[in-house]
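These numbers come from a predicted model, not from an experiment.
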Amino acid sequence: MKFRVLLTVILFAFFAMTANSQVLFTENFDYPAGDSIGAHGWTGFSGSVNNIKVVSPGLTFTGYRLSGIGNAARLSNNGLDNYKNFTGDTVTSGSLYVSLMVKVDTAKSGDYFLALLPQSSTTLYTPRLFVKDSSGTLSFGISKGATTSTAAQYSANGYAYGTTYLLVVKYTFNTTSTTDDQVSLFVFSSTIPSTEPSTPTVGPITASTPDANSIGRVALRQGSASLAPSLNIDGISVGTSWSSTLLAIKPIETVANSFYLS
């Protein structure tokens, strides 16, 4: 029995370490309300007014591993943009997931508010996450890069203002050419599946814009007043697997028949 308990402890520690090693970035905005996120590791660029501020309360979403921790960040429809580097490794292959909770209160004709990019860049936004108004409801969208040549692709409308949604953007590095990387979007209103759905809400899409050589930075963007939304964002997680990025680790419980000190 001692061996079984010890083996369980070892296996749990191994799987916990493995899951944690796949998480490259976590942001719960667990800072005092009213602070600028620039005071907490985010770097401002591309603008000089309307700093992104921490607001209370934070967002919640049942089953999401970052639900209900800390506060949230408030993005307006214009102002200073911010970026923050991964604490884990820069990613150059495989698939990368970024998940976040978002609650939108205003939207216009569509602009991106979150993107991933290399640690050496403030311009190579790949991929980008959008939201727009569609007949009084919301549609969420993605692009692989700049939309000057290939427009963003959006979900069906019908998502509600003032409701917290969980969004997951997946970026897949491919090697056949320099323009074949793929972007997918998943939108959840309630239950998070334990495994990645076979069909995303949008995508997978690609574009003729060049693939990313690496991704190691998250950017929050406030866009232009004529296009961009106003929203609260919270619980940003970046990882290399579906489960480590989205789902909480459930502890393994074992009851021993006896216990010995040795």
Hey, does V218 have a side-chain heavy atom less than 4.5 Å from the side chain of L114?
yes
Is there a side-chain contact between L247 and I192 (heavy atoms, below 4.5 Å)?
yes
For residues 194-220, the salt bridge (charged side-chain N to carboxylate O under 4.0 Å, His left out) pairs (sequence neighbours left out) are K144-D211, K170-E196
With a sphere of 6.0 Å drawn around CG of N213, does it hold more than 12 non-hydrogen atoms of other residues, nucleotides or ligands?
no
I'd like to check Y64 versus S99 (side-chain heavy atoms, cut-off strictly below 4.5 Å). Are they in contact?
yes
In terms of heavy-atom contacts, Y171 and P127 come closest through CD1-CD, 3.8 Å
Would you say that L100 contacts L129 through its side chain, given a criterion of any heavy-atom pair below 4.5 Å between the two side chains?
yes
Atom pair OG/CG of S109 and D133 - distance to nearest 0.5 Å:
9.5 Å
Quick check on the 6.0 Å ring-centre criterion: do Y31 and W42 meet it?
no
Go through the steps for Q153 and I205 under the test side-chain contact (heavy atoms from CB on, under 4.5 Å), then give the verdict.
CA-CA 8 Å; Q153 294 191 26; I205 68 171; 3.4 Å; yes
Could you measure the distance from the OG atom of S230 to the CD atom of Q222? Nearest 0.5 Å is fine.
8.5 Å
Show your working on side-chain contact (heavy atoms from CB on, under 4.5 Å) between V54 and I37 and close with a plain yes or no.
CA-CA 6 Å; V54 178; I37 66 171; 4.0 Å; yes
Going by atom types alone, do S243 and R65 pair a side-chain donor with an acceptor below 3.5 Å?
no
Is a donor on one side and an acceptor on the other found under 3.5 Å between the side chain of S67 and the backbone of F61?
yes
Checking S76 side chain against N78 main chain: does a donor-acceptor pair fall under 3.5 Å?
no
Do you know which two heavy atoms are closest between A115 and Y125, and how far apart they sit?
CB-CD2, 3.4 Å
Give, for atom CG of D105 and atom CG of N77, the distance between the pair rounded to the nearest 0.5 Å.
10.0 Å
Does L220 reach the side chain of Y83, with side-chain heavy atoms less than 4.5 Å apart?
no
Would you sort out whether I69 and F29 count as a side-chain contact (heavy atoms from CB on, under 4.5 Å), showing the intermediate values?
CA-CA 8 Å; I69 304 173; F29 302 103; over 6 Å; no
Taking all non-hydrogen atoms of both residues into account, name the closest pair between G34 and K53 and its distance.
O-CD, 3.5 Å
Find the distance between CE (M101) and CG (L66) and round it off to the nearest 0.5 Å.
6.5 Å
With a cut-off of 6.0 Å (strictly less than), are more than 12 heavy atoms of other residues, nucleotides or ligands near CG of D89?
no
Nearest-0.5 Å distance, CD of residue Q119 to CD1 of residue I215:
11.5 Å
Indicate yes or no for a side-chain donor-acceptor contact from T147 to the backbone of T150 under 3.5 Å, with no hydrogens or angles considered.
no
Distance-only, no hydrogens or angles: does the T137 side chain make a donor-acceptor pair with backbone N or O of S134 under 3.5 Å?
yes
Has K103 got more than 12 heavy atoms of other residues, nucleotides or ligands less than 6.0 Å from its NZ?
no
Straight-line distance of T179 OG1 to N174 CG, nearest 0.5 Å:
10.5 Å
What's the shortest heavy-atom distance between N232 and A72, and which atoms?
CB-CB, 4.5 Å
Counting N and O atoms only, with roles assigned by atom type, does the side chain of R128 sit under 3.5 Å from a partner on the main chain of G145, one being a donor and the other an acceptor?
yes
Beyond-backbone contact of I236 with V98, side-chain heavy atoms, under 4.5 angstrom:
yes
Decide whether T172 and S95 meet the rule of one side-chain donor and one side-chain acceptor closer than 3.5 Å.
yes
After noting the C-alpha distance and the side-chain angles of Y159 and Y165, does the key distance pass the ring-ring contact (aromatic ring centres under 6.0 Å, His included) rule?
CA-CA 9 Å; Y159 296 102; Y165 293 101; 5.2 Å; yes
Report yes if some heavy atom in the side chain of D181 is under 4.5 Å from a heavy atom in the side chain of T206; otherwise report no.
no
Would the F140 and F130 ring centres measure less than 6.0 Å apart?
no
Please state whether the rings of F188 and F186 are parallel, tilted or perpendicular, taking 30° and 60° as the class boundaries.
parallel
Cluster link F86 to I233, ILVMFWY, side chain under 4.5 Å:
yes
Considering non-hydrogen atoms only, spot the tightest contact between T164 and L59 and give its length.
OG1-CD2, 3.9 Å
Is L117 close to T126 at the side-chain level, that is, under 4.5 Å between some pair of heavy atoms?
no
Working for side-chain contact (heavy atoms from CB on, under 4.5 Å), residues L80 and F45:
CA-CA 6 Å; L80 186 71; F45 70 104; 5.7 Å; no
Using a distance-only test with no angle check, is there a side-chain donor-acceptor pair under 3.5 angstrom linking S244 and S241?
yes
